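Below is one structure, written out as structure tokens; comments come after it.
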Amino acid sequence: MIKMQKLHIYDSLSSKLKTFSPIKKGKVGMYVCGPTVYSDVHLGNVRTFLSFDLIFRYLKYLGYQVRYVRNITDVGHLVDDIDEGEDKIGLKAKIESLEPMEIVQRYSRGFHDVMRAFNALPPSIEPTATGHIIEQIEIAKKLLKTGFAYEANGSVYFDVVHYNKNNSYGELSGRNIDDLIHGSRALDGQSDKHSPLDFAIWKKASKEHIMRWPSPWSDGFPGWHLECSAMSAKYLGNCFDIHGGGMDLKFPHHECEIAQNNGANGKKGANNWLHTNMLTLNGKRMSKSTGNVLLPGELLSGESPHLSRSYSANSARFFIHQAHYRSILDFSDEALQAADKGFFRLKTSLDILKNRSKSGHENGSFDVKAWNASCESAMNNDFNSPKLIAILFEAVKVIQSDSKDPTILGDNGASILAKNMDIWMEDVLGLTSEYQGDSNIYKTALESAMEIIIDARKDARDKKEWNKSDDIRKRLASGGIHLKDGADESQFSIGHDYT
Ligand code: AMP
Ligand code: ZN
């Protein structure tokens, strides 16, 4: 059963917050542009994929059956995102003297490892561009038939000027075709394109180009934008519910996808276009090409000049979801520290709630149902996760008050709140239940605290205050910390005492 409150989603194509109404009742089709697998994903990429993971999770929470398609771009994405030059993957393969598919496999695996580390749910289908060459050729044929594409010297290009006569190229990115023409370099006479705005649908491969397939026009490869038109249509149909990606994909990638979809079958693709904003580092966009990046591995190990310590994947997720997906988010060590503390507070509070002993008051004064509804209404407002987190912190205050006055939650309220908080934190925000804090920090803190306790106990023993020293040992043991007294010093161990 679909929960009753209405979900509103900001659609970048109409620039409107729209009431979400799926094409098929109870089902959602969502396509998200995946990574181009020629290098390690950075935290900016992770932000985008975790934002869609949150959206996927929330749609499931609402009761929808979601078909989530996230592709792997393993061909056709050329250096500098333009139509001429080397394939990003082919180039890397040449540099490393490897097969392009070795590069693809290596970085796809790396991407999956990162997604797993950050507890992102796998998509329902993860198609690759190279696995859908035939489907892409079919769309190219269709576009030639409908007159929106032309062939030149073995390549096929989309005719933007012709398309724009009855459609508006630039409608997604808010660009005007005349400005685009003025802003683009004139064709140099060597180009096969009719207009500099035209984009490649199929490219004839030069002799050096490694990745190539036969087609009716040439041995070549598909244009970057074509793969997403082909794979979204194949698995979700010509008209589906949600298409997502980072803001930087609005132009040219998604603009061209819309033109292709429209040109081939008169439908733009998705009813809702969602774009995540950028993660910045030192105020500048994290980007593979500029090298202004922080890698997930660096965050988890702490090995980076940008970091004072390591952080857990939970803290990073918490940091990401503390900002709305459409806002810019700047990465900093301080912000991560604050997120780490915030997550720890939330988690500890939930633990206190779960371990709360029965008070005998069945029902409390706090309205858990209304609280839960406010969590839903935050997420129903275009997946407002920062608002959701703020409401979770309201519960933290309630739990604190309840530990002094158990009539606030009552036994029923406490158990319902614990269940709901678990759902919001684990199922929706994707925060795993175990606290995977920076183990080194906690180890160091524990060791220094134990040094103080062991010194205090030694002091008691020196003064022959046996009751006091025994009491310290017993109290530690009840918390799972065991002391072993040696000739000169005492050692501690944690866990079961088998002695
Ligand atoms: P790419 O592999 O470069 O195609 O990027 C994969 C996804 O990450 C795309 O949806 C991009 O829009 C997104 N992305 C790239 N850089 C950032 C960034 N700094 N912050 C957020 N998302 C990004
Ligand atoms: Zn795409």
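Computed from a prediction, not measured in an experiment: that's the story for all the values here. Atoms within each ligand, like the ligands themselves, are counted from 1 in listed order. Numbering starts at 1 and runs along the sequence shown. Side chains included, hydrogens not; waters and symmetry mates left out as well; all remaining heavy atoms used.
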Give the C-alpha distance, both sets of side-chain angles, the deciding distance and a yes or no for side chain to side chain donor-acceptor pair (under 3.5 Å) between W202 and S155. CA-CA 5 Å; W202 185 265; S155 293; over 6 Å; no

So, Y169 versus H162, ring centres under 6.0 angstrom or not?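 Ring-ring flag for Y169/H162: false, centres at least 6.0 Å apart.
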
Please tell me whether F52 and F49 form a close aromatic pair, meaning their ring centres lie under 6.0 Å apart.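 Here the rings of F49 and F52 have centres that are no less than 6.0 Å from each other.
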
Just to be careful: counting only protein atoms that are N, O or S, how many fall under 2.8 Å of the Zn ion (ligand 2)? 3

Between atom [atom1] of [X] and atom [atom2] of [Y], what is the distance when rounded to the nearest 0.5 Å?
X    : Y    : atom1 : atom2 : result
E138 : I134 : CD    : CD1   : 8.0 Å
S15  : W273 : OG    : CH2   : 13.5 Å
L144 : F158 : CG    : CZ    : 11.0 Å
L197 : L180 : CG    : CG    : 5.5 Å

Would you mind reporting whether F148 and L143 have side-chain heavy atoms less than 4.5 Å apart?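 Sidechains of F148 and L143: in contact.
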
Taking non-hydrogen atoms within less than 4.0 Å of ligand 1, which protein residues qualify?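 Ligand 1 pocket, heavy atoms under 4.0 Å: P35, T36, H42, G44, N45, T48, F49, G245, G246, D248, L249, N277, M278, L279, R285, M286, K288.
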
If only side-chain N and O atoms count, and only distance matters, is there a donor-acceptor pair under 3.5 Å linking W424 with N372? yes

